[in-house]
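Notes for the one structure printed next.
Throughout, a chain's letter reflects where its sequence line sits, starting with A, and its residues are numbered from 1.
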Number of protein chains: 2
Amino acid sequence: MMTRLQRKNNPAALRLRLLDCAAQLIVEHGLPALTLDGVAREAGVSKGGLLHHYSSKDALIGGLFEMVVDWFGGQVEAAIDPDETRPARFSRAYLQVIAQIDMSVPSEKRLAVLILMLSSDPHFCARWTSWVEAQLREHQATDQSPVARCMRLAADGLWLSDLGGGPDSVATVRHEILQFLETLGTGRQS
Amino acid sequence: MMTRLQRKNNPAALRLRLLDCAAQLIVEHGLPALTLDGVAREAGVSKGGLLHHYSSKDALIGGLFEMVVDWFGGQVEAAIDPDETRPARFSRAYLQVIAQIDMSVPSEKRLAVLILMLSSDPHFCARWTSWVEAQLREHQATDQSPVARCMRLAADGLWLSDLGGGPDSVATVRHEILQFLETLGTGRQS
DNA sequence: TGAAACATACCGTCTGGACGGTTTTTTTCA
DNA sequence: TGAAAAAAACCGTCCAGACGGTATGTTTCA
């Protein structure tokens, strides 16, 4: 028996769940496996219900992209130590967020989706680039050195590597890499 | 008028053309746009003809996998200096191949983009990973250090960055990064 | 009560691929 | 050698199901 007070509808939560299920499908079975029927089934809702919130497949994908970018941006911003004055301040936070991804946690699979979307659609790619460039302008005093750039590039590589569960995503190896990158950042400035 | 001697069929060439057209479709319109009808049409052959050579869509995609892995593997192998004795021998070659990809050369760009796009397929990821791991076993004496790993990770990042034409793909910046990575490799060993 | 939130039913198109042919090339063997 | 036999290459048609999307309900809630 159900209590009277609990509301049956929770559209905001459903929208989130829809995006998460879409992400899950993409990560587990590749982009072509993303279907409206599949997402609806996974989210325990009818296709009509899905289409009520995202009026087309493109709208769904677009929503997914925005959510993931927003999420990542927030994470990075939160990871920037306000008292930090060393060079590569932003890049270090960028690396830290990516390094801390635990692919066994469902919500963090969102990041994997981001990379998949980037590598498949030039439109999203351009959007991502513009985000990065904006961040770079904001932190141009600290994050334009080759060291900083390499940190971010390695972070991207690590990110990509997490997708396939390659050798660099093993915990101990990963830790070694991160330590090395850390010493790199503190060492010098170009 | 046609000479008698020329053969009408050329199955090997057709198989190549089929893979080529498939690659083109993926690069231009994304992985979900890869259809048997589309490939057959583009290659100027019937769908039956296509299915004769690749008995299913999976088989066709599998053919693409092998093609790109072979290509990249060959490039790296060719880039390894046989007289080289320094550490990170393999990783340096790996980086060099990626760094030398000229996105303004269509054939190179197609292969490079294709590989990234295929990354959205878990099967491809597994295959790619197994290749990397095999290479790593072969070069375990020289390429297991954090420095070597970071070189490869940064190479992957650079690759991804090339896709979107981000700030790190600008020639001068790129050169700076590569120089920095080079000094990294010669510096020390873990 | 009416607007938002969802469900159900349905449609037109596309897609993978099965199938039975025909033509071309290679192999067999007398 | 060369004709017969086998195999490979390729074509055109057809179909069951999946897919994105619409149209029309029914329920929920402010």
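A salt bridge between B/R92 and B/E182 is present, with a side-chain N of the basic residue lying under 4.0 Å from a carboxylate O of the acidic one.
Listed by chain and number, the residues in a salt bridge (Lys or Arg N to Asp or Glu O under 4.0 Å) with A/R89 amount to none (sequence neighbours excluded).
In this pair, A/W131 and A/W128 present their aromatic rings parallel. The plane angle is below 30°, not in the 30 to 60° band.
Atoms CG (A/L50) and C1' (D/dG20) sit 11 Å apart, rounded to a whole Å. Atom pair B/L31:CG and C/dT15:P shows a separation of 14 Å (rounding to whole Å applied). Counting to the nearest Å, the P atom of C/dA9 and the CG atom of A/L51 are 17 Å from each other.
Of the residues in residues 53-62 of chain A, those with a non-hydrogen atom less than 4.0 angstrom from any atom of DNA chain D are A/S56, A/K57. At a non-hydrogen distance threshold of 4.0 Å, A/L34, A/T35, A/L36, A/K47 from residues 33-49 of chain A come into contact with DNA chain D.
A salt bridge (Lys or Arg N to Asp or Glu O under 4.0 Å) check over residues 120-136 of chain B, counting only residues at least two apart or in different chains, returns the pairs B/E66-B/R127.
Under the 4.5 Å side-chain contact rule for hydrophobic residues, B/W71 and B/I26 share a cluster.
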Solution key, residues 48-65 of chain B side-chain donor-acceptor pairs under 3.5 Å, sequence neighbours excluded:
unit_1 : atom_1 : unit_2 : atom_2 : d
B/H53  : ND1    : B/R15  : NH1    : 3.1
B/S56  : OG     : B/D58  : N      : 3.4
B/S56  : OG     : B/A59  : N      : 3.1
B/K57  : NZ     : B/L34  : O      : 2.7

For residues 148-160 of chain B, which side-chain donor-acceptor pairs fall under 3.5 Å, sequence neighbours excluded?
unit_1 : atom_1 : unit_2 : atom_2 : d
B/R149 : NE     : B/Q144 : O      : 3.3
B/R149 : NH1    : A/D168 : OD1    : 3.0
B/R149 : NH2    : B/Q144 : OE1    : 2.7
B/R152 : NH1    : B/S91  : OG     : 2.7
B/R152 : NH1    : B/D143 : O      : 3.4
B/D156 : OD1    : B/Y94  : OH     : 2.7
B/W159 : NE1    : B/A112 : O      : 3.4

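Applying the 6.0 Å contact sphere to CD of A/E84 captures more than 12 heavy atoms from other residues, nucleotides or ligands.
A sub-4.0 Å separation between OP1 or OP2 of D/dC10 and a side-chain N or O of B/H52 is absent.
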